[in-house]
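I am attaching a structure below and will ask some questions about it afterwards.
Letters A, B, ... are given to chains in the order of the sequence lines, protein chains preceding strands, and every chain is numbered from 1.
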Amino acid sequence: MEEYNFKEIEKKWQARWEKEEAFKAVDFHPTKPKFYVLYEFPNISGNIHMGHLKGTIPADALARYKRFKGYNVLFPIGGDAFGLPAENAAIKTGIDPHDFVANGSKNIWGQFKKLGLSFDWDRTFCTSDEDYYKWTQWIFVQLFNHGKAYKKTGYVNFCPNCKTTLSNEDSQGGKCDRCGSTVIQKERSVWFLKMKEYSEKMLENVDRVKMAEHLKEAQRNWIGRSEGMQVTFNLLDESGNVLDKVEIFTTCVETIYGVTFLSLAPENKIVDKLKNYIQNFDEVEEYREKTALRSEFDRMSDTKTKTGCLVKGLQAVNPLTSAKVPLYLADFVLAGYGTGAVMAVPTHDQRDFEFAKAFNMPIIQVIEGDISEHAVEKYEYLAKDSRLMNSAEFSGMKISEGKPKIAEKLIKMGVGEKKINYKMTDWSFNRQRYWGEPIPIVNCPHCGAVALDEKDLPLTLPKTNDYLPNENGDSPLSKVSDWVNCKCPKCGRDAKRETDTMPNWAGSSWYWLRYTDPHNKNALADFDKLKYWGSVDCYTGGTEHITRHVLYSFFWQNFLYEIGAVPTRDPFVKKMGSGLILDDQGKKMSKSSTNGVSPLEVIDKYGTDVARMHVHFLGGYEDNTPWTFDGISGIVSFINKVWALQDIVKDGDVSKEHIIPLNKLIKKVGEDLEELRLNTAIASFMIFIKKVRDDGFITKEELRQFLILLNPIAPHITSEIFERVFDSQILDQKWPDYDEKYLTEAVVQIAVQVNSKIVARVDVETNLSNDEIASKVQENESVKNALLGKNIVKTIVVPGRIVNFIVK
RNA sequence: GCUGGUGUGGCGGAAUGGCAGACGCACAGGACUUAAAAUCCUGAGUUCGCAAGGACGUGUGGGUUCGACUCCCACCACCAGCACCA
């Protein structure tokens with residue numbers, strides 16, 4: 001047998017798969033059940049990197065496996081193309097982003113083909129294709145027409161480097177998601193999508209979709225649900241007349257007897273409303289101006305120093321105690337969360353504790369615990385279920401008992417109601433960028449904001465060669481005046497188009513739906529096709545998108561479901577987060593990392609099957625694994641052994657020597673593929689091949705089954721051997737079944753223990769009963785000796801594994 | 001700080017509460033070879049011992065159990081998410 005020429009053979013099969021369109025998904029297949037596997041489509045930029053290899057090949061293995069199992073598999077690919085790389089290239093080199101994407105997608109898909117990925121190439125598209133973004137715009141119009149998109153002026157995240165507004169999701173950790181610059185706050189008029197309304201539904205998505213716990217937790221954290229109470233405090237003037245009221249939000253209503261002041265966000269409107277009663281309004285204004293200058297990130301990163309400003313002339317009344325307490329403005333109180341006002345309980349909230357110390361405020365302890373150094377905080381006293389004190393009739397009660405009673409009293413008095421707050425805010429949706437979907441809105445001086453009709457979509461992006469915002473920070477589109485000036489679709493008078501574009505996350509928030517019907521001209525996808533393909537059964541991709549893209553996806557799918565555009569609420573049944581390939585510094589391996597290894601290099605040197613298997617073998621799909629060439633020789637040697645099976649193949653059905661190893665292999669590999677635990681699947685292939693090589697033969701039937709099992713992991717070599725030996729296509733084969741009765745050997749070695757200490761290992765027939773096993777092992781000399789003169793008080797038998805005699 | 005996760009040889013990593021370290025790499029010895037590479041065989045957790053064999057071993061300390069990497073409690077370290085969210 002000649003050596004395995006991976007270069008030639010892998011190329012041959014890749015060409016054949018492409019020519020024969022081997023992996024086309026069939027809409028409405030008459031007999032096969034559907035299975036939808038999705039890999040997070042790549043950003044159209046340069047070349048593929050290790051992250052793509054790590055992310056795609058397990059999905060490919062799953063897709064190939066499910067086809068053998070008789071499923072009609074949809075495994076599509078596309079391009080996330082409205083994004084930074086194309087725009088940056090345009091700014092830097094003047095290349096038209098349309099061309100950049102056309103070339104870039106061709107390049108990256110070509111490289112995917114070299115990975116031997118079994119995509120349905122008939123369903124590809126980029127988010128920047130006109131007949132795709134037509135429907136992204138259509139979704140925006142639906143959001144607008146259903147009151148889920150609105151424009152509002154206020155302080156929003158702004159990246160001074162990218163010169164664009166950003167959403168919270170794009171500013172995680174106070175850094176711009178695209179360039180890493182520190183995000184500042186800027187006042188602008190911004191389009192928002194009412195994502196916050198969907199908080200509960202999105203939390204339900206999080207619960208339902210199968211995902212690793214840490215991913216669910218990250219999402220729950222981001223949505224930030226918190227149950228509490230909204231309580232009304234009356235505001236009085238100096239002489240005690242009720243002027244107004246202020247609502248506060250608290251999750252710790254049990255501490256209400258310990259309130260010694262209220263803290264308001266500097267932006268709180270009540271201050272303006274009661275301006276005339278405030279004696280130090282100059283001071284108040286000065287404080288507000290000072291805090292306005294600090295960016296929100298600044299305010300949040302400096303948590304040590306507490307600043308504030310007493311509002312003189314006003315006081316608040318604790319509804320339960322009637323105690324009059326002062327009012328402060330404090331910049332740690334965020335205007336955008338809850339009511340922008342909190343009750344301060346210095347003994348049970350560390351921030352209030354520090355504030356009270358800084359401003360010499362009185363403190364009242366209402367829950368037992370040591371308050372000499374720190375406040376006794378919620379997580380602490382709740383865990384202990386401590387007792388209340390200084391709380392009138394509730395004193396002495398445990399929190400678990402007192403808290404609901406205090407809440408009930410406030411509700412009865414009409415000054416409190418239960419309330420749920422979320423950290424997640426509405427999605428700030430427009431960007432001052434060229435390369436994005438134009439927002440299909442016309443601003444008419446008479447009709448206001450008017451959405452385009454469906455017949456006028458797509459609103460295409462005009463060509464330009466000026467990709468920078470103007471000096472006011474308006475989108476580059478604002479400079480294309482013959483595009484901007486238009487007629488109002490409603491009244492026909494002169495109007496101007498919205499010139500901002502959508503964020504790069506817009507197109508990715510629904511793309512899995514389009515794959516079900518990518519060429520549809522009349523709808524985002526045919527409803528029956530959406531129904532047929534349903535939710536994505538397994539969605540693989542990076543974990544870095546878990547609190548961005550995946551949450552946006554939940555949001556949009558919920559909305560589309562509610563307006564009847566799609567038949568399912570959950571976009572995905574299961575979401576798997578691909579681990580990272582790390583470089584030798586333990587950092588994410590990327591193109592920019594100094595010692596980044598390109599998958600193309602590896603393929604060139606070792607072949608695709610080896611590269612794929614090596615990455616699988618490095619570790620679990622969801623684990624981060626450092627890249628190393630160490631160990632790749634083991635895979636090379638395995639592949640060579642697979643090739644050499646052709647030398648020892650002989651005619652015949654499954655032999656009695658191999659029937660058990662083969663059945664075990666079928667079971668193990670199938671289970672591992674279901675869970676994408678491919679490292680252990682590979683280990684079991686190695687064990688099997690060792691066995692047949694030791695025996696010096698493999699029968700044709702055994703080889704047939706072996707090649708099918710291995711094909712999802714090493715598709716090229718298995719296709720080639722199959723064709724050579726069986727003169728037919730492996731893709732037409734069915735996944736072999738295993739038989740329970742061939743999973744255990746007739747005789748197994750079990751360990752015999754006396755008082756849990758191993759004294760012997762004994763071969764035992766597997767068909768014996770527990771009692772028979774116990775007496776059989778006692779025939780063994782070492783066991784006999786160990787039991788000599790002892791009294792067996794208990795015998796534990798675990799068939800196939802262990803016998804333990806407890807003696808006295 | 002809060003939340004979630006992880007902790008196993010020299011390394012990557014296996015183990016439904018039942019023989020810890022599968023499989024692979026690296027390593028050592030051997031075969032083949034003039035030699036090397038490749039290939040094949042053998043060995044190997046640590047430690048004491050020439051050996052037979054013994055002791056100790058899954059981050060640390062306790063517990064439950066006939067039996068714990070696995071379950072429970074406390075602690076430590078690392079990774080990730082959130083972080084003045086009331």
In whole angstrom, what separates A:His348's NE2 from B:C84's P? 23 Å
Contact list (N/O, under 3.5 angstrom) for nucleotides 17-19 of chain B vs protein:
unit_1: B:C19; atom_1: O2; unit_2: A:Arg761; atom_2: NE; d: 2.4
unit_1: B:C19; atom_1: O2; unit_2: A:Arg761; atom_2: NH2; d: 3.0
unit_1: B:C19; atom_1: N4; unit_2: A:Gln749; atom_2: O; d: 2.6

Atom-to-atom span, CZ of A:Phe685 to P of B:A22 - whole angstrom: 20 Å
Restricting to pairs with a member in residues 665-674 of chain A, which pass side chain to side chain donor-acceptor pair (under 3.5 Å), not counting sequence neighbours? A:Tyr65-A:Glu674, A:Lys66-A:Glu674, A:Lys667-A:Glu671, A:Lys668-A:Asp672, A:Asp672-A:Arg677, A:Asp672-A:Thr680
Which pairs with one or both residues in residues 791-803 of chain A pass side chain to side chain donor-acceptor pair (under 3.5 Å), sequence neighbours excluded? none
Distance between P atoms of B:G24 and B:G18 (Å, rounded): 24 Å
Please write out the pairs of protein N or O atoms and N or O atoms of nucleotides 2-9 of chain B separated by less than 3.5 Å, giving the distance to one decimal.
unit_1: B:U3; atom_1: O2'; unit_2: A:Glu217; atom_2: OE2; d: 2.9

Considering only atom P, compute the distance from B:C19 to B:A86 and round it to an integer number of Å. 47 Å
How would you label the glycosidic angle of B:G57: syn (within 90° of 0) or anti? anti
Atom CG of A:Leu665 to atom P of B:A22: distance rounded to whole Å? 19 Å
If you apply the rule side chain to side chain donor-acceptor pair (under 3.5 Å), what do you find for A:Ser167 with A:Tyr552, and how did you get there? CA-CA 11 Å; A:Ser167 67; A:Tyr552 291 147; 3.1 Å; yes
A:Asp630 CG to B:C27 P: how many Å, rounded? 10 Å
Which one, B:C82, B:A86, B:G12, comes nearest to the side chain of A:Trp222? B:C82
Which whole number of Å gives the distance between the C1' atom of B:G30 and that of B:A44? 15 Å
So, under a plain 3.5 Å distance rule, would you say the side chain of A:Lys423 forms a donor-acceptor pair with the base of B:C82? no
Given B:C85, B:C66, B:A14, the nucleotide with the shortest approach to the side chain of A:Lys794: B:C66
Round to a whole Å and report the spacing from CG of A:Asn679 to C1' of B:C11. 15 Å
Assign each of A:Ile806 and A:Lys378 to its nearest nucleotide of RNA chain B by heavy atoms, then name whichever residue's nucleotide is nearer the 5' end. A:Ile806
Suppose you measure atom C1' in B:C82 against the same atom in B:C75; what distance do you get, rounded to whole Å? 24 Å
For the C1' atoms, the ones on B:G61 and on B:A77, what distance do you get once it is rounded to whole angstrom? 15 Å
Short of 4.0 Å, heavy atom to strand atom, which residues of residues 633-643 of chain A count as contacting RNA chain B? A:Ser633, A:Gly634, A:Lys641
Looking for any heavy atom pair under 4.0 Å, which part of the strands does A:Arg225 touch: base, sugar-phosphate only, or nothing? nothing
Separation of B:C79 P from A:Glu544 CD (nearest whole Å): 19 Å
Under 4.0 Å between any heavy atoms, over every strand shown, what does A:Thr625 touch: base, sugar-phosphate, or nothing? Just pick one. sugar-phosphate
Could you tell me the separation between the CG atom of A:Asp672 and the P atom of B:C23, rounded to a whole number of Å? 15 Å
Considering every strand and a 4.0 Å limit on heavy-atom distances, what is the contact class for A:Lys757: base, sugar-phosphate, or nothing? sugar-phosphate
Within a reach of under 6.0 Å around NZ of A:Lys574, are more than 12 heavy atoms found that belong to other residues, nucleotides or ligands? yes
Roughly how far apart, to the nearest Å, are B:C27 and B:G10 at atom C1'? 9 Å
Quote, to the nearest angstrom, the C1' distance that separates B:U47 from B:G57. 10 Å
What nucleic acid atoms does A:Ala218 come within less than 4.0 Å of, heavy atoms only: base, sugar-phosphate, or nothing? sugar-phosphate
Contact list for residues 214-225 of chain A, test salt bridge (charged side-chain N to carboxylate O under 4.0 Å, His left out), sequence neighbours left out: A:Glu200-A:Arg225, A:Asp207-A:Arg220, A:Glu213-A:Arg220, A:Glu217-A:Arg220, A:Arg225-A:Glu227
What integer distance in Å separates A:Met613:CE from B:C25:P? 12 Å
